[in-house]
Amino acid sequence: MPGLASLVLADSRFPGGGHVHSGGLEEAVARGLVTGLDDLGPFLRGRLRTAGLIAASFAAAAAVLAPTRPGPTPATREPQRAPDARSDSGLPPDRWAELDGELDARTPSPAQRDASRAQGRGTLRAVRAAWPSPVLDALVAVHPRPHHPLLAGAVIGLAGDGPAEAARCIGYLAVSGPASAAVRLLGLDPFAVNATLVRLGDDLDDVVATAERAAHGPVADLPAPSAPVLDLMAQTHARQHGEHVRLFVS
Amino acid sequence: MTDGHGHGHLVSFDPTETEPDPHTPAAGRRAVRIGIGGPVGSGKTTLVAALARTLGGPGAGDTVRLAVVTNDIYTTEDADFLRRAGVLDPDRVEAVQTGCCPHTAIRDDITANLDAIETLEERFGDLDLVLVESGGDNLTAVFSRGLVDRQIFVVDVAGGDKVPRKGGPGVTTADLLVINKTDLAPLVGADLDVMRSDAARMRGELPVIAQSLVEDPGAADVGAWVRAQIAAVDAPVG
Amino acid sequence: MRARASLTVERDPDGRSSVRELRSQSPLALVPRRGTAAGRDPAVTVHLVGSASTPLAGDDVELDVRVGPGADLVLTGVAAAVALPGTDRPSRLTVRVDVGEGASLQYLPEPTVITARADHRTLLSATMGPGARLRCRDVLVAGRSGERAGRYAGTTRVCDGSRVLLVQTQELGDAVLQGSPAHLAGRRVLGTEFLVWDADPQVASAGDWWSLTPLAHRGSLATAVGPDAVSTRRDLDAALLAHPGWAAHAVGG
C-alpha cells in the first residue's frame, strides 16, 4: 500500500517543479522520434528500464538509508524493512555522499544531472516544510541541490514507507512526467496516453523488484543501465535553448 | 499585504496566502518581486522594456537595480528586443520554461520561477526589484503570493472594452490594473470610459492606470507606482 | 575455456616504457608491437589478439593490466571480436586496469559484434592514480548485417582514487530497448569513449547523434549511436576533437 508520502510526491499537482521537465520527450518530438502513441509507448518503456531503473534504485537505497519514523509506530507495513530500519537520526553524511557520487557517475550527461538536481532542489522547498528532518539536512550538506531520487527516496523512507514504495514512486515519475509532456506537446488523446502509461505496469513491477533487491546491497552494485539516445538528446535539448524555442527545461 | 510575514517553517502554496517563500538566499532585505500578467499580446514585454528604461536608467528618482524573469516563450529575438530597448543587459533576464503551462508556473507550482529569481539574486547580489513576466494566459491567471509581493495585470483596449467587465481574478484582484494601448481606442471602437468605470466597479479601491506606450514610451505612471511599491514593501529577510 | 592473461608495463629510468610482465593464455594473446617504429615510440603498444574465435559461450577470460607510475601503454585490438554462441553459459570478459600516478593507458579494442545467439558479458574496471590519463573506446555492434543481436551486457566502472567517475552498463539484444527512441532508437551501433586526458571539456558538445559530456567529478564521455561501425567511429572522432586535453595531445603528437 502506498503511504501518503509517495502519493504526494507522485501527484502531478505536487509543487516541486516537475511539470517543466519532459524527460527528453520534447527533444525526441523535435527530432521526429516520437510522433504519436505508437512510438510514445516504446519511448516510455525504454526510459523506464534505463533512467527510470537508476532513479528507482537510488530512491530505494535512500529509503533504506533514511531512518524510519521514530516513536512507537510498529514497522509492520514492510516486513522486510525491519532489519534495515534505523531509528537513530544523524547518519554519517558520507553514506549520502556515496549515494550522491554513485548517482553522478551513472549520469554522464550534465544536462541530466542538472535536471535531476533542479527537481531535487524544487522538491526540497516543499518537503522541508512537510517532513522536516535532520536526515534531509544531512543530504543537503552533501550537495545543496540534492538529486531528486535521493531526496524523494529519503522522504519516503522517513515517512515510514519502504524502499519498494520509493522505487515505485520514482519509477512512475520517470514516465508520468514525459507522458504528460506528450499530451501537451503533441496534443495526444489524454485517455490513450493514460492507457499507455498503465500498460507499463509489468515493467514498473520489474523495476521495483530489481531496485528493491539492489537497495539492500552495496551502493557500488546499484544498477547503471545506459540510455545512449536519451543522453544525446539531453545535450541537444540544452543546446537548442539558445537557438530555438523549447518549452521544457529538459 | 506582506505584513506579518514571519519565519515560520511551512510554505503555503495557496495563492491567497501572503507569506513569500522563506527559503530566499539573500540576507537582509531582498528584492521586491512584482509580477506582470495578462493575456497574450496585451503588451507585457513592451511594458517590461519601458519599466527597465524608466527605472533602470537615469531619470526621476534613484536608479533601480532590476532584473527580469520571463515566462513567455523566450527566444533570442526576445533577448534582442530587450537589448535593443537599450536598457536591459541580457544577463539580467532569466527565461523560465513552463512546460506549456504558463499559469501553473506562476500560481500552482512556482518552483521554476523561484529558482530563476534565486539565480538572478545570486548573480547580481544587490537587487531592488525583480519583475516576473508571466506567459500570455487568460483572465484567470494570477501570481501566487508565494512568488511575488505585488502584481500588475495588463489588458489592452484592442482586446475589447468588455474585458474589465468580464472580471476574473487578474482584473479584480491585481494590485494594479493597466489598460494598455489607449491610443488604439478610436481605431478599435473601444470606449475607454466604459473600461475605466467597469474596472473601478470590479476593483473597488484598487488602482487602474490607462496608458499608451506610443504616447508615453517610458510608462511614467506605472513606473511611479512601481517605485512606490519598492518603498512600501518590506521585503523580508530570506 | 577459462583464461587468465596479464600485462605489466613500467617506466624505465631513461623515460621509456617497457613490458615487465606479459602472460597470454588462449584464447587471448598479448602481442607487443615490434620493429623500428616501436623502438622510437616511448610508449608501449600491445595488440590484443583473439587466438581462437572469441568469445565463445562459456568462455571466461580475464585480463589484468597494470601501468606503472609514469609509463605509457596503448592496448589495441586487431580484429573485431564476434560473440558467438556455444554452450548455454554466457561468455565473459573481465578487464581490470590500474593506471598508476602520471601514467597513461589507451585501451582501444576493435568493435564487438554481438551475433544472433550470443550471450556475452563484460566488465571493465579501471582505477587511476593521481595525474593518470586513460582513454577507453568501446564500439558495440548489434548483430552482423541483417542479423538480430544476441544478448550483451557490459559494465564499465572507473575510479579515480576513492572517487567513482563513471558507472555504466550497456545492454544490447533486447528488442524493446534497442527500438526505443530513449535507448538506441533503432540504430545498430553504439560507441562510447571514456577520456581522462589532461584538461576536461568545460561544457558539453553535441551533434545529431554524438555527444561529448564532462562527467561530474573528472573525465568525460563521448557517446555515438549510428547505423554502422564506420560512421559511429567517425562520430566518436568528431566528439574527441571537442576535447581540449585530447585535441592538444593529438596535435602535439
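Everything quoted here is computed from the prediction, not taken from an experiment. Sequence lines set the chain letters: A, B, ... in the order given, protein chains first and strands last, and positions in each chain run from 1.
Highest contact tally toward chain C, considering only A:Arg47, A:Glu102, A:Met233, is held by A:Glu102 [criterion: heavy-atom pairs under 4.5 Å]. Interface check for chain C: of the options A:Gly46, A:Gly41, A:Ala234, A:Pro223, the most heavy-atom pairs under 4.5 Å are formed by A:Gly46.
Here the side chains of C:Asp174 and A:Arg49 are in contact, with some heavy-atom distance below 4.5 Å. Annotation: side chain of C:Leu212 is not in contact with side chain of A:Gln235 (no heavy-atom distance under 4.5 Å). Between A:Pro228 and C:Leu184 the shortest side-chain heavy-atom distance falls below 4.5 Å. For the pair C:Ser211 and A:Ser109, the minimum side-chain heavy-atom distance is 4.5 Å or more. Residues C:Gln168 and A:Pro108 are in side-chain contact: their nearest non-hydrogen atoms beyond the backbone lie under 4.5 Å apart.
Nearest heavy atom pair, residue C:Glu171 against residue A:Pro225, reads OE2-CB, 4.4 Å. For the pair A:Pro110 and C:Ala204, the tightest heavy-atom approach, listed with the atom from each and the gap, is CG-CB, 4.1 Å. Closest of all the heavy-atom pairs between C:Pro214 and A:Arg113 is O-NH2, 2.7 Å. Shown here for C:Val164 and A:Gly101, the closest heavy-atom pair between the two residues is CG1-O, 3.8 Å. The two residues C:Trp210 and A:Leu232 have their closest heavy-atom pair at C-CD2, 3.3 Å. The minimum heavy-atom distance between C:Ala182 and A:Ala227, with the atom names listed, is O-CB, 3.6 Å.
The number of heavy atoms from other shown groups lying within 6.0 Å of CZ (C:Arg148) does not exceed 12.
Within the 4.5 angstrom heavy-atom criterion, atoms from both the backbone and the side chain of C:Leu215 approach chain A. The part of C:Leu221 that comes within reach of chain A is its side chain, from C-beta onward, which places non-hydrogen atoms under 4.5 angstrom from that chain. Both the backbone and the side chain of A:Ala220 come within less than 4.5 Å of a heavy atom in chain C. Looking at C:Leu166, both its backbone and its side chain come within 4.5 Å of chain A, counting heavy atoms on both sides.
Atom OG1 of C:Thr223 is separated from atom CG of A:Leu230 by 11.5 Å, given to the nearest 0.5 angstrom.
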Next item on the list: Could you walk me through whether C:His183 and A:Phe43 pass side-chain contact (heavy atoms from CB on, under 4.5 Å), step by step?
Entry: CA-CA 8 Å; C:His183 190 254; A:Phe43 175 89; over 6 Å; no

Next item on the list: Apply side-chain contact (heavy atoms from CB on, under 4.5 Å) to C:Asp208 and A:Thr236, showing your working.
Entry: CA-CA 8 Å; C:Asp208 283 346; A:Thr236 43; 5.5 Å; no

Next item on the list: Decide yes or no on side-chain contact (heavy atoms from CB on, under 4.5 Å) for C:Thr213 and A:Asp231, but give the supporting numbers first.
Entry: CA-CA 9 Å; C:Thr213 57; A:Asp231 290 353; over 6 Å; no

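Ion pairing of C:Arg163 with A:Glu98 is absent here, as no side-chain N (NZ or NE/NH1/NH2) approaches a carboxylate O to less than 4.0 Å.
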